[in-house]
Amino acid sequence: MIAFPNIKINLGLSITEKRPDGYHNLETVFYPVALEDALEIRTFPNADRKFTLHQHGMEIAGNPEDNLVVKAYLLMDKEFHLPPIEIHLYKHIPSGAGLGGGSSDAAFMLKLLNDHYQLGVSEEQLEVYAATLGADCAFFIKNRPIFAEGIGNIFSPVELSLNGYQIMIIKPNVFVSTREAFSNIHPHRPKYPVREAIQRPVQEWKDTLINDFEASVFPQHPVIGEIKEELYHQGAIYASMSGSGSSVFGLFTPGFVLPEIDWGTDVFCFKGTLNK
Ligand SMILES: C[C@](O)(CO)[C@H](O)COP(=O)(O)OP(=O)(O)OC[C@H]1O[C@@H](n2ccc(N)nc2=O)[C@H](O)[C@@H]1O
Ligand SMILES: Nc1ncnc2c1ncn2[C@@H]1O[C@H](COP(=O)(O)OP(=O)(O)OP(=O)(O)O)[C@@H](O)[C@H]1O
């Protein structure tokens with residue numbers, strides 16, 4: 001059985017307070033975009049170990065046991081005593097990009113196992129499992145535009161459709177550690193709460209919808225800020241860093257012909273159309 005874990009972008013990201021457990025409360029709108037990995041599982045009867053992971057495409061740092069798809073499998077195995085499996089992960093989503101690629105792989109693994117072995121776990125329970133694997137992992141269970149608060153796992157509906165908008169995502173060859181990025185943040189209440197700013201016309205987002213990580217990440221890695229500027233220069237109606245970086249996305253009005261830009265070597269570029 002195969003699935004296609006997609007990315008999220010953050011439309012606004014306010015870090016509002018540091019919690020006693022070291023994590024941070026935040027406010028954001030998660031929006032799914034069809035830049036996808038491919039994840040396949042097969043039962044591997046009589047295998048001498050519980051899982052075998054075959055990785056393809058972009059490299060991921062760390063041992064197979066550290067891979068979030070394996071952590072997701074071991075979590076479900078503990079609860080449901082699953083048979084041994086063979087996993088194929090085709091990695092197209094860049095890491096350290098703020099696109100939630102690892103979290104998405106993990107959430108889709110939970111859903112794949114639930115479907116393949118007919119475990120009957122509800123979406124709500126899958127969200128609970130997902131939240132133990134990563135702060136933004138639970139979003140990928142329902143995988144639709146949503147307002148999130150808490151550490152990124154408390155959801156409420158949002159009235160928003162960007163169906164037909166064009167998107168360009170650029171990731172320079174810069175790795176931003178999410179943990180490090182949070183450690184440079186001074187939490188505060190935003191001037192324009194994300195939940196309110198998102199209801200305004202997209203043309204107004206440039207002045208009201210803010211990603212708090214930009215203030216500390218741009219000075220450390222000026223190239224990221226330069227990409228954002230360039231996206232506006234090319235006609236983006238809204239541009240922002242996603243998550244803790246280092247990727248930047250630009251939204252363009254429906255029908256806009258996305259420009260061909262030479263971003264240089266080692267720069268990842270994705271172009272697509274939003275469909276939610
Ligand atoms: C920044 C975002 O991309 C916004 O969508 C996400 O909140 C990141 O979520 P994530 O990658 O799933 O984060 P995790 O892998 O759970 O956490 C990585 C590290 O980031 C910090 N962290 C993460 C989420 C959060 N709400 N507060 C934090 O302080 C913690 O130090 C944690 O050890
Ligand atoms: N399946 C996976 N795909 C990508 N990274 C993984 C995976 N499993 C574990 N990791 C580890 O998680 C780290 C962060 O990966 P991820 O792709 O989620 O980054 P990110 O873009 O910073 O995401 P986020 O928006 O959640 O902060 C990587 O450095 C890698 O070591």
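If you read the sequence from its start, that first residue is 1, and numbering goes on from there. First listed ligand is number 1; within each ligand, the first listed atom is number 1. For the numbers below, each heavy atom of this structure counts, side chains included, while hydrogens, waters and symmetry mates do not.
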**OP:** Collect the protein residues that have a non-hydrogen atom under 4.0 Å from ligand 2 and hand them over in chain and number order.
**Re:** Lys8, Ile60, Ala61, Asp66, Asn67, Leu68, Leu89, Lys91, Ser95, Gly96, Ala97, Gly98, Leu99, Gly100, Gly101, Gly102, Ser103, Asp105, Asp136, Phe175, Thr178
Subject >> Distance from atom 12 (O) of ligand 1 to nearest protein heavy atom, with residue and atom >> reply: Asp136 OD1, 2.8 Å
Original post:
Under 4.0 Å between a Lys/Arg side-chain N and an Asp/Glu carboxylate O for Glu149 and Arg195?
Top reply: yes
Original post:
Counting heavy atoms not belonging to Lys271, are there more than 12 under 6.0 Å from its NZ?
Top reply: yes
Original post:
Heavy atom under 4.0 Å from ligand 1: found in Tyr23's side chain, backbone, both, or neither?
Top reply: both
Original post:
Does any donor atom in the side chain of Asn10 or Asn211 lie under 3.5 Å from an acceptor atom in the other side chain?
Top reply: no
Subject >> N-O pairing of Lys228 and Glu214 below 4.0 Å >> reply: yes
Original post:
Can Lys142 and Glu124 be counted as an ion pair, charged N to O under 4.0 angstrom?
Top reply: yes
**OP:** Among all protein heavy atoms, pick out the one at the shortest distance from atom 23 (C) of ligand 1; state its residue, atom name and that distance to 0.1 Å.
**Re:** Phe182 CE1, 3.4 Å
**OP:** Would you please say whether a donor-acceptor pair under 3.5 Å links the side chains of Asn25 and Thr16?
**Re:** no
**OP:** With sequence neighbours excluded, tell me which residues meet ring pair (Phe, Tyr, Trp, His ring centres under 6.0 Å) with Phe218.
**Re:** none
**OP:** With heavy atoms only and a cut-off of under 4.0 Å, state how Thr28 meets ligand 1: side chain, backbone, both or neither.
**Re:** neither
Original post:
Does one side chain, of Ser14 or Tyr192, offer a donor that lies under 3.5 Å from an acceptor on the other?
Top reply: no
Original post:
Which atoms of ligand 1 have any heavy atom of Gly134 under 4.0 Å away?
Top reply: 12 (O), 16 (O)
Subject >> Exercise: do Ser247 and Ser242 side chains pair donor with acceptor under 3.5 Å >> reply: no
Original post:
Quick one: which ligand 1 atoms are inside 4.0 Å of a heavy atom on Gly243?
Top reply: 3 (O)
Original post:
N/O to N/O below 3.5 Å, does that happen between Ala135 and ligand 1?
Top reply: yes
**OP:** Output the list of atoms in ligand 1 that are nearer than 4.0 Å to some heavy atom of Thr178, sorted by atom number.
**Re:** 8 (C), 20 (O)
Original post:
With sequence neighbours left out, what residues match Phe147 under ring pair (Phe, Tyr, Trp, His ring centres under 6.0 Å)?
Top reply: none
**OP:** Give yes or no for whether the N/O distance cutoff of 3.5 Å, strictly under, is met between Ser244 and ligand 1.
**Re:** no
**OP:** Examine ligand 1 and decide if any of its atoms is less than 4.0 Å from a heavy atom belonging to Gly22.
**Re:** yes
Subject >> side-chain contact (heavy atoms from CB on, under 4.5 Å) assessment of Asn153 paired with Glu127 >> reply: CA-CA 8 Å; Asn153 61 339; Glu127 284 180 351; over 6 Å; no
Original post:
Which ligand 1 atoms does Ser103 reach within 4.0 Å, using its non-hydrogen atoms?
Top reply: 12 (O)
Original post:
Ring centroid separation for Phe44 and Phe51, is it under 6.0 angstrom?
Top reply: no
**OP:** Run the salt-bridge test on Arg189 and Glu27 with the 4.0 Å N-O cut-off and return the result as yes or no.
**Re:** yes
**OP:** Look at atom 15 (O) of ligand 1 and say whether a protein heavy atom is found at less than 4.0 angstrom from it.
**Re:** no
Original post:
Where the closest heavy atom to atom 29 (O) of ligand 1 is concerned, which of His24, Glu149, Arg19 has it?
Top reply: His24
Original post:
Hey, which atoms in ligand 1 end up nearer than 4.0 Å to a heavy atom of Leu26?
Top reply: 7 (O), 26 (N)
Subject >> Co-members of Tyr90 in a cluster of I, L, V, M, F, W and Y side chains, linked at under 4.5 Å >> reply: none
**OP:** Compare Arg179, Glu180, Lys18, Lys8 and give the one whose heavy atom is closest to atom 31 (O) of ligand 1.
**Re:** Arg179
**OP:** Would you check the N or O atoms of Phe30, main chain and side chain alike, for any that come under 3.5 Å of an N or O of ligand 1?
**Re:** no
**OP:** Using a 4.0 Å heavy-atom cut-off, say whether Asn10 meets ligand 1 through its side chain, its backbone, both or neither.
**Re:** side chain
